[in-house]
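Below is one structure, written out as structure tokens; comments come after it.
Chain naming here is simple, since letters A, B, ... match the order of the sequence lines and numbering starts at 1 in each. Note that this is a predicted model, so its numbers are computed, not measured.
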Amino acid sequence: MSESSLRILVVDDERAIRRFLNVTLSANHYQLFEADNGKSALEAVLVHRPDLVILDLGLPDMDGVEVVRTLRAWSQIPILILSVRDQESQKIAALDAGADDYLTKPFGVGELMARMRVAMRRLSGNTQDALFAGGELEVDFARRLVRVAGAEVQLTPTEYDLLRLLITHAGKVLTHHQLLHEVWGQSYTDELHLLRVNISNLRRKLEPEPTRPRYLITEPGVGYRLRV
Amino acid sequence: MAIGHDLGHNAAQPGGDSRERAVTPGDKKGIAPGYLWSMTTVALTTLLGLPLRGHIDPTNMVMFYLMVIVITALQWGRGPSMLASLLSVVAFDVVFVPPYDTVVVHDAEYILTFIGLLTVGFVVSSLTARVRAHAAAAQEREEQAIAAFELSYDLATALTVDEIMARAVHHTQRVFDVAVAVYWPGEHGLSVQQATVDYRARESDLPVVEFALRYRRPAGAGTETLPNAALAALPLMTAAHVVGVLALQRPSQLLPPQRRLLESFANQVALALERAQLAEAKNELRLVQERERFQSVLLNSISHDLRTPLVAITGALSALQEQETLLQPSARAALVTTAHEQAARLNQLVGNLLDMSRLEGGTVQVKRELCDLQDLVGAALERNAPALAHHRVELHVPDSLPLVPLDFVLMVQVLANLIDNAAKYSPPETTIRIDAIQRGHMVEITVADEGVGITPDELERIFAKFYRAERGDRVVGTGLGLTISKGLVEAHGGRIWAENRAGGGSLLTVALPLDNRPLPGREECDERK
């Protein structure tokens with residue numbers, strides 16, 4: 001009872017959705033704040049200093065992407081965006097602008113909690129552990145060693161960088177743009193086939209069934225995610 | 001029948017007058033041979049009769065000469081036969097009437113014979129010539145009637161306005177031997193709609209054609225209006241209105257029967273055109289009515305589909321709200337599960353309807369990029385993970401496949417739909433098999449299941465809107481999935497079809513082109529490398 005609960009800001013102009021999130025998250029011991037438009041959301045971040053923002057992209061006064069951009073100018077606060085199925089480009093823009101992850105409406109509580117946990121993990125301790133273990137995949141960053149089911153796997157430098165980036169953001173989606181930018185550099189952000197080929201190679205080396213990946217998940221139209 | 005009035009034709013005349021004679025068959029062969037013939041046959045008859053001279057009464061020869069005159073009249077017409085008459089008298093006189101070899105006669109009775117022969121010759125010539133002319137006129141009338149009948153028959157079997165006009169110009173050219181065109185009023189005035197290949201349309205023709213249209217009277221060559229024009233224009237009109245103009249280029253001088261035939265043509269064509277127009281209008285009306293009826297059926301169907309899940313959701317939630325204390329935890333859990341499932345179904349239906357409406361509105365944008373098929377299949381399987389929980393999945397997507405240009409998000413949807421169907425329509429514990437192979441410049445992705453298969457007549461219909469295969473117990477799904485898949489695949493320039501597997505079950509194939517050919521239709525193609 002005395003543990004300070006994490007503070008969540010919910011930004012959505014639909015009262016029903018705010019209510020649903022409020023009820024659910026409160027029941028999970030989060031402290032809730034609400035805003036129903038972009039401007040008041042930005043103010044609420046300043047005033048209430050939440051640990052996470054759940055932001056709907058379809059706001060009445062501002063483009064959700066604009067809100068993300070503005071926030072990111074002075075805050076690294078984790079942002080989860082709520083998008084609608086047919087708004088792919090807006091979703092990608094928000095992620096590229098700095099949002100951490102997304103949920104497609106309608107979504108369930110389970111999904112929501114999972115994404116929230118991942119987005120807020122950065123807050124607790126080291127983001128970059130020396131060792132990563134997930135399923136049968138083990139990566140020792142200190143020694144640049146990758147093992148699957150105990151057997152060592154050889155990766156090219158590019159493949160290794162790509163894997164490391166995904167592990168660093170384990171559980172979170174990374175857009176094509178972000179991946180290309182981080183691993184290859186600014187001028188390669190349109191070279192999608194590079195990314196696809198390397199992901200394909202990684203899958204063949206790491207996945208027991210490359211065509212049904214367990215770790216390296218495709219987010220169609222958006223990017224990739226390392227599943228944890 | 002509406003007929004033009006100022007062509008100067010007379011009522012049908014009873015046989016030969018000087019104008020009609022001009023077209024009798026004899027003239028076509030030329031005049032000179034006829035006269036030559038007369039002279040030759042008279043001479044021949046005279047020579048043949050020579051041996052009989054002195055043995056028979058000379059008057060008998062008159063019969064033979066008369067025969068020659070009649071035959072000449074029948075074959076060659078009045079002129080030659082009159083010449084034959086004259087020559088016969090002279091020959092008779094000189095050769096057969098004593099004294100021989102002179103024109104003079106001793107017996108005055110023979111003068112009567114001469115006069116008789118000449119007169120009869122002339123009369124026979126005239127009468128025979130008239131008979132000939134009658135026959136010729138009758139034959140021409142028959143030809144015209146046949147021409148009119150053929151046109152009528154051909155027009156009766158033509159279905160569209162264009163066909164009618166085409167046949168009209170064809171027949172008119174055949175009969176009148178001129179270049180023909182039909183002018184049709186359009187937004188920018190009259191223009192040639194159909195014409196024979198040798199028709200040369202000129203700007204200077206337009207005033208003539210327009211006159212015919214506006215004043216509903218023939219104009220141009222052979223009429224009182226603009227008679228120096230190089231074409232003759234006839235309005236195509238029925239009692240109600242003028243539909244167009246029939247134009248003949250450089251028509252030769254037309255005689256009254258031909259004029260009548262031409263007008264008859266024009267009238268028939270006009271009637272046929274009006275009939276075709278009315279038929280087209282009726283058809284359109286029927287289509288509109290069909291469409292409206294179909295749309296109202298559709299609306300009912302959609303309304304039902306949208307409401308049905310809501311019934312379950314509202315029911316479940318209201319029970320939970322109002323009857324909470326009465327319900328066991330297990331009952332409450334069941335209600336919640338039902339509401340959740342039905343909400344998912346409703347969500348899917350809404351998504352499908354939106355997809356369908358976007359496909360039909362042409363706003364789907366296909367953004368192609370080179371994609372890995374393994375990636376695609378994996379993403380589709382991921383999406384259907386819960387539905388596939390009770391099935392075995394076998395994959396044959398070789399590493400060696402090239403990258404395929406496609407819109408990843410859209411094709412994942414297609415594959416996910418096929419996989420979902422396979423899972424829905426095959427029993428648990430059966431295998432779903434996905435293959436991908438390259439065939440020439442296409443790549444084929446197949447989804448096979450071990451269910452009951454698809455009846456042959458359904459193989460095409462399953463792609464129709466709102467078609468739900470009859471599977472007895474439950475009706476699952478929206479009936480739109482395959483329709484949307486088909487629309488999306490075809491937007492990629494690909495094909496999708498269904499077959500039955502040899503060992504039972506269905507096989508759905510998606511074929512996509514490997515090259516970057518232009519995409520069909522209105523969808524945009526934004527190609528990144």
Could you state the interatomic distance from [atom1] ([X]) to [atom2] ([Y]), rounded to the nearest 0.5 Å?
X        : Y        : atom1 : atom2 : value
B:Asp372 : A:Asn201 : CG    : CG    : 9.5 Å
A:Glu207 : B:Gln374 : CD    : CD    : 11.0 Å
A:Ser89  : B:Lys367 : OG    : NZ    : 7.0 Å
A:Thr218 : B:Leu381 : OG1   : CG    : 11.0 Å

Which portion of A:Ile199 sits near chain B, non-hydrogen atoms under 4.5 angstrom: neither
Which atoms of A:Glu219 come close to chain B, meaning under 4.5 Å heavy atom to heavy atom: side chain ones, backbone ones, both, or neither? neither
So which of B:Asp355, B:Val412, B:Asp399, B:Leu403 has the largest heavy-atom pair count under 4.5 angstrom toward chain A? B:Asp399
Residue selection (most heavy-atom pairs with chain A, distance under 4.5 Å) from B:Asp375, B:Asn347, B:Val409, B:Val397: B:Asp375
More than 12 non-hydrogen atoms from neighbouring residues, nucleotides or ligands closer than 6.0 Å to [atom1] on [X], yes or no?
X        : atom1 : answer
A:Phe107 : CZ    : yes
A:Glu152 : CD    : yes
B:His340 : NE2   : no

For chain B, which residues from residues 221-228 of chain A have at least one heavy atom closer than 4.5 Å to it? A:Gly221, A:Tyr224, A:Arg227
What's the shortest heavy-atom distance between A:Pro213 and B:Gly378, and which atoms? CD-CA, 4.3 Å
For residues A:Arg85 and B:Gly351, report the shortest heavy-atom separation together with the two atoms involved. NH2-O, 3.3 Å
Looking only at A:Arg204, A:Glu88, A:Arg203, most heavy-atom pairs under 4.5 Å shared with chain B are made by A:Arg204
Is any residue of residues 382-395 of chain B within less than 4.5 Å of chain A by heavy atoms, and which ones? B:Glu382, B:Arg383, B:Leu388, B:Val393, B:Leu395
Portion of B:Leu354 that has a non-hydrogen atom of chain A nearer than 4.5 angstrom: side chain
